[in-house]
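In this text, all values refer to a predicted model and were calculated from it rather than measured experimentally. All residue numbers in this chain count up from 1 along the given sequence. Start at 1 and go down the list; that is how both ligands and their atoms are numbered.
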Amino acid sequence: MKLRTRFFLAAALAGAAVLVASTRIAAAEPDGQITILYDAFGTDAAMKKDWGFSALVEISGKRILFDTGNDPDIFAANVKAKNIDLTSIDFVVLSHRHSDHMAGLDHVLSVNPTVKIYAPKEGFGIFGGSLPSSFYRKDESLPTGMRYYGGNPPEVMKFGSAWPRANIELIDKTTEIAPGITLLSLVSDAPGTRELKELSLAVNTADGVVLVVGCSHPGIEKIVEAAVAINPKIRLIAGGFHLVVAPDEAIARTVATLKDTFKVENIAPGHCTGEPTFAALKQAYGDRYLYAGVGTSLPLGPGTGSVGRRGEGPAIQEDDLATYRKLAHREDPFGILKARNLRSGLSHL
Ligand SMILES: [Zn+2]
Ligand SMILES: [Zn+2]
């Protein structure tokens, strides 16, 4: 009897050990994931939809908050709905100065006031900046009272940030901020956003680059070109491609460049990519189009898009595709151009 009890006890302990070991393996197995926290489309009823972008990128042992959405209350509600602890993130990346990507920063700072934030360096930008005082012309014939700084300027002139107490590090050029984690720094030359600097997140993994983009104002092709310099194998692009008002021909060109020139393996478009571009990418990529509406978590296992699990979402039906195409053939399918004429500054989308 005693022996039997001992046997059962030993068996139970062995079973528990196996359970603990398998749990550990299961927890360590996924290579991370991207969770969309902010966007204007999605199927998750627990998440609020609004124009803007934010994603939690868990990869290479880091938890990175990429952009913060358009409204601090909606951002906070979506973060809560996904049970995300903002005190444990490693750092924040703000892709660019447009409010639909950074208005949720207030909420982040209210929870985690000292978190490291990477933001693009722009002259007199809202994230702060600096210039050597040699930038302005001097006139030594003027009386001291008419001269800047009484004629004795500091060597470097510093310009304030809209978040003066935040721990912001300004990024001026493409920089590897942690092993394998690079912030690509590019500048837009498109009308309406000329000179706007934008950061994109490129994470080099054993399976190729995982690229997260905010709005792609400098052009998605240019951003991918910069990522290819790190590793020619692009495993996944997620985020906004800024083709929301692009005509069909431009969309077709971009889709062909991504698929045929750069051989981007998987695509998870969101935000300002645009509905007709969703349709075109879905058609081109088939099951390598990973649905990424607000609330979706894209697993980044080794087989992302091939043998791995995919982001869940509704498949686009043929009749939906037909509707998209019909709309795309209209000159201004969503009334966006008209709205643009009424409201200048929409180019920031
Ligand atoms: Zn933008
Ligand atoms: Zn945007």
Asks: Would you say the Zn ion (ligand 1) has Cys272 as a near neighbour, meaning an N/O/S atom of that residue under 2.8 Å away?
Replies: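 No, since none of the N, O or S atoms of Cys272 sits under 2.8 Å from the Zn ion (ligand 1).
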Asks: Distance check below 2.8 Å: does Cys215 bring an N, O or S atom to the Zn ion (ligand 2)?
Replies: yes
Asks: Filter on side chain to side chain donor-acceptor pair (under 3.5 Å), then keep only pairs touching residues 55-68, sequence neighbours left out; what's left?
Replies: Gln33-Glu58, Glu58-Arg63, Arg63-Ser88, Asp67-Ser95, Asp67-His101
Asks: Among Thr257, Val255, Val224, whose side chain to side chain contact (heavy atoms under 4.5 Å, CB included) with Val264 holds?
Replies: Val224
Asks: Please list, chain by chain and in numerical order, all residues satisfying ring pair (Phe, Tyr, Trp, His ring centres under 6.0 Å) with Phe135, sequence neighbours excluded.
Replies: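 Per chain and number, Phe135 pairs via ring pair (Phe, Tyr, Trp, His ring centres under 6.0 Å) with no residue.
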Asks: Restricting to N, O or S, what is the name of the atom of His98 that lies nearest the Zn ion (ligand 1)?
Replies: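 Result for His98 and the Zn ion (ligand 1): ND1.
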Asks: So, does Ser133 use its side chain to make a donor-acceptor pair with the main chain of Pro154 at under 3.5 Å?
Replies: yes
Asks: Nearest 0.5 angstrom please: Asn78 CG to His107 NE2, how far?
Replies: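 Reported value, rounded in 0.5 Å steps: 10.0 Å.
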Asks: Look at His242 and state whether any of its N, O or S atoms is less than 2.8 Å from the Zn ion (ligand 1).
Replies: no
Asks: Between Asp172 and Lys197 (salt bridge meaning N to carboxylate O under 4.0 Å), is one present in this structure?
Replies: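 Judged by the 4.0 Å cut-off on N to carboxylate O distance, Asp172 and Lys197 do form a salt bridge.
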Asks: Give a yes or no on whether His101 keeps an N, O or S atom under 2.8 Å from the Zn ion (ligand 2).
Replies: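 Yes.
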Asks: Of all the N, O or S atoms in Asp100, which one sits nearest to the Zn ion (ligand 2)?
Replies: OD2
Asks: For the Zn ion (ligand 2), decide whether His96 has an N, O or S atom at a distance under 2.8 Å.
Replies: no
